[in-house]
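Some notes on the structure that comes next.
Numbers here are sequence positions counted from 1.
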Amino acid sequence: MRTDLQQAERFDCLGCRLALSAEPAHVVYENDWVTCLLDIDPFSEGHMLILPKRHLVEWTDLDAVTMQKVTEAATLMSQTLASVYKPAGITLCQNGGAFNDLTHFHLHVIPRFPDDGFAWSEPRQEHGAGTRLAQTRTLLAEAVKNGKQTELPERNGD
């Protein structure tokens, strides 16, 4: 039954179809774990996405091996972009939750250039988080110490 559910998820998921080459895409690199393809709405020349071939949605859904394979692909794609385009830097970005418009985990690898307009924007409303750094550190450090989701998920068989 789980296999049928996984197959249905893959069929319904654009990210799965892209990662498994069931949908047209400009694939730059792939292996047994991930597919790296060009973003269809690139921020800059060479902007790509890294998608695992398993149906995973959030960073926290990735098991240790998949996380390693995504990270290795990010390193390889960053090195390739640096060699080909000579950018001033490279930004890695992953949007989760309500900000994951693909509903499949994907990591952006974006070559950056001076005056490219890419910006870390200021908050629209003052939230005062900068005034509570000590309290925030204590809260988060205690959560880690008490084992609040500090273990990577085990890999489930496909």
Drop me the distance from [X]'s [atom1] to [Y]'s [atom2], to the nearest 0.5 angstrom.
X	Y	atom1	atom2	answer
E72	T75	CD	OG1	7.5 Å
N31	K69	CG	NZ	7.0 Å
H55	C13	NE2	SG	5.0 Å

Are any side-chain N or O atoms of [X] and backbone N or O atoms of [Y], one a donor and one an acceptor, separated by less than 3.5 Å?
X	Y	answer
S83	Q79	no
S44	R112	no
T66	L62	no
E58	T60	no

Determine whether R54 and D63 satisfy the following criterion, salt bridge (charged side-chain N to carboxylate O under 4.0 Å, His left out), listing intermediate values before the conclusion. CA-CA 11 Å; R54 291 181 60 221; D63 59 86; 2.7 Å; yes
Where [X] and [Y] come nearest, the two heavy atoms and their spacing:
X	Y	answer
A73	V34	CB-CG2, 3.8 Å
D61	V57	OD2-N, 3.3 Å
I50	C36	CG1-SG, 3.8 Å
K53	A19	CE-O, 3.5 Å
S78	L92	OG-CD2, 4.0 Å
M48	V28	CE-CG1, 4.4 Å

Could you go through H106 and H104, starting from their C-alpha distance and side-chain angles, then the distance that decides it, and tell me whether this counts as ring-ring contact (aromatic ring centres under 6.0 Å, His included)?
CA-CA 6 Å; H106 59 288; H104 184 102; 8.0 Å; no
Cluster check L20, I40: I/L/V/M/F/W/Y, side chain < 4.5 angstrom:
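No.
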Note to self: Under 4.5 Å between side-chain heavy atoms, counting indirect links through other Ile/Leu/Val/Met/Phe/Trp/Tyr residues: same cluster for Y29 and V70 or not?
What the structure shows: yes
Would you mind reporting whether [Y] and [X] have side-chain heavy atoms less than 4.5 Å apart?
X	Y	value
L38	H47	no
H108	D39	yes
L107	L49	no
L102	N100	yes

Flag the pair D12 and R17 as a salt bridge only when some basic side-chain nitrogen lies within less than 4.0 angstrom of an acidic carboxylate oxygen.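 Answer for the salt bridge query: no.
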Verdict with reasoning, D101 to N95, per side-chain contact (heavy atoms from CB on, under 4.5 Å): CA-CA 8 Å; D101 58 357; N95 299 309; over 6 Å; no
Sorted by chain and number, sequence neighbours left out, salt bridge (charged side-chain N to carboxylate O under 4.0 Å, His left out) with E45 holds for none
Requested in this report: Verify the neighbour count for atom CG of L140: are there more than 12 heavy atoms of other residues, nucleotides or ligands below 6.0 Å?
Outcome: yes
Point to revise | Parallel, tilted or perpendicular, as decided by the 30° and 60° cut-offs, for the rings of F43 and F118 | key: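 Ring orientation of F118 relative to F43: perpendicular.
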Worksheet item: Run the side-chain contact (heavy atoms from CB on, under 4.5 Å) check on L18 and T35 step by step: do they pass?
Response: CA-CA 8 Å; L18 289 166; T35 299; over 6 Å; no
Test log, rule side-chain contact (heavy atoms from CB on, under 4.5 Å), inputs E30 and S21: CA-CA 10 Å; E30 70 177 310; S21 300; 3.9 Å; yes
